[in-house]
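Remarks on the structure that follows.
Lettering of chains follows the sequences in order, A, B, ..., and the numbering in each one begins at 1.
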There are 2 protein chains.
Amino acid sequence: MQRKKEEKRKTILDAAEKLIAEDGFRDMTMDQVAKDADVAKGTVYLYFKNKNSLCAAVNARINKELNQVIKEKMDLYQTGLEKVVASGTATVEFCLKNMQKWKAITELYQMKFKDPEDPNVKEFLYEVNNMVQMMANGYRQGIKEGTIREDLDPVPTAIFNRMAFSNAITPTTEQNMLLKMNNINMQHYAGVAGELIGRSTRKDLLNAEDMKKNIKKTYENLEKDL
Amino acid sequence: MQRKKEEKRKTILDAAEKLIAEDGFRDMTMDQVAKDADVAKGTVYLYFKNKNSLCAAVNARINKELNQVIKEKMDLYQTGLEKVVASGTATVEFCLKNMQKWKAITELYQMKFKDPEDPNVKEFLYEVNNMVQMMANGYRQGIKEGTIREDLDPVPTAIFNRMAFSNAITPTTEQNMLLKMNNINMQHYAGVAGELIGRSTRKDLLNAEDMKKNIKKTYENLEKDL
DNA sequence: AGTCATTAATGACTTTTGGTCATATATAAT
DNA sequence: ATTATATATGACCAAAAGTCATTAATGACT
């Protein structure tokens, strides 16, 4: 019984994730989620308090997966700088391998999760904070090892860079329009942005190529979709 | 007659701007806009095609004002780096003097303007692009003068930094929650983020204090509101 | 197997809100 | 004064979030 419930929850999440990736959470309707998940609308509300909570749950699930991938990749390396770069590489890889999921979290990036009591919102925040802490630890280690600027405060830097990195891979619609107006393709933007992020944190200014290349690689695949 | 139409349009824009600043564009209802502007709902739709277009018009108007302020400030200085710093200072000043307008554009930052044919969307993009070009020119000049990194591509850098700077002053709700979880206040975040932005573009790493201070100053006032 | 209690599922219904349109009013032209 | 045009209105419609009385399924206990 518990098993079946778990599965039905997953089915609903799957349907929601797909719809969010396709049209954004604004255009995702609860009726369509119900239809795609082969349940009645009331059932969706049995599993998720409201649309906001459902979106938070989708967001939590994807970020959990992403964290897993990032953690595994980071664990392959020893130095702080390597780990930080690895977190970027892992994110790009995740984006390439799970386009739907990546599209969904970037769409959800614009969402306001107002209710901090909602367990799904809590779980989502827990996951995001987890990633921030992983990055912050990478910075701390890099600082000790002398490869990352020592005057940098790890946690707020991680909070900022997480956003910045995500933006490098997937600019906002506004930015996309600006890029179009100026005939700049997304790969190039990703490269420039990645470079800026790297420059701001790294101590040695050489070897900026890694991060840049990673993000560029993403775009060769991602642009087909758009 | 033309005069009266112009004024009514302004009244509607004022009402919308206020509501967006208060609750975000999602919670702004066209009924409330009509009520606050003392016109019938149909009249609002006479002046603005739809909600999206109204929001775009609000966004265009504020960005136009902001550009004005930025341009004036930049014109006071000679060197590229000074101009770039001035654009930041002007933005912070604008934010301090026009909290409602600043709140509104940061809320509107999350909006998707889908219809590129809409004249209000066009005007909005025109203004934003204008600002990007001003910043890019500052970078170009700074590169020539040797104060800004020469390997930096001005336009995409401006597109990225405009977003980054705005985020430094006003983090997303998600980031705000993370900051809260980690007991980091917004001033500190603004300082860290401003520093990162400065570091990524400036050639000489000294004198990072300017940009940092500017953003920090913002927060002393802004936090009262929140 | 049959009865009953509890849990899960349903979809018709309500409410909210973006958007429309037939009608009414004001303004300008003749 | 009359007509034509522009402006304004709010009742109405449709879409979508969210509710709830009713029904169906499940499992425990005789």
Checklist entry - A:Lys5 NZ to D:dT26 C1': how many Å, rounded? => result 13 Å
Checklist entry - Between the main-chain N or O of A:Asn59 and the side-chain N or O of A:Asn63, is there a donor-acceptor pair closer than 3.5 Å? => result yes
Checklist entry - Starting at NZ of A:Lys8 and ending at C1' of C:dA8, how long is that distance when rounded to a whole Å? => result 8 Å
Item to check | Residue pairs involving residues 105-130 of chain A (criterion ring-ring contact (aromatic ring centres under 6.0 Å, His included); sequence neighbours excluded) | outcome: A:Phe113-A:Phe124
Next on the checklist: Using whole Å, what does the distance between atom C1' of nucleotide D:dA16 and atom CG of A:Leu19 come to?
Outcome noted: 14 Å
Next on the checklist: At a heavy-atom distance below 4.0 Å, what parts of residues 28-51 of chain A sit against DNA chain D?
Outcome noted: A:Met28, A:Thr29, A:Met30, A:Lys41, A:Tyr45, A:Asn50, A:Lys51
Checklist entry - Under a 3.5 Å cut-off for both distances, is D:dT30 Watson-Crick or wobble paired, and to whom? => result C:dA1
Checklist entry - Quick one: A:Glu7 CD to C:dA8 P, roughly how many Å, whole number? => result 15 Å
Checklist entry - Whole Å only: how far is the CZ atom of B:Phe25 from the P atom of C:dG18? => result 12 Å
Checklist entry - So, the side chain of A:Glu123 versus the backbone of A:Ala57: is there a donor-acceptor pair under 3.5 Å, distance only? => result no
Checklist entry - Is the side chain of A:Ser166 donor-acceptor paired with the backbone N or O of A:Arg162 at a distance under 3.5 Å, no angle test? => result no
Checklist entry - Is there a side-chain contact (heavy atoms from CB on, under 4.5 Å) between A:Tyr189 and B:Thr157 once you walk through the steps? => result CA-CA 8 Å; A:Tyr189 177 76; B:Thr157 300; over 6 Å; no
Next on the checklist: Nearest whole Å is fine: how far is D:dA17 P from B:Arg26 CZ?
Outcome noted: 14 Å
Checklist entry - Quick one: does B:Lys101's side chain have a donor or acceptor within less than 3.5 Å of a partner on B:Arg61's backbone? => result no
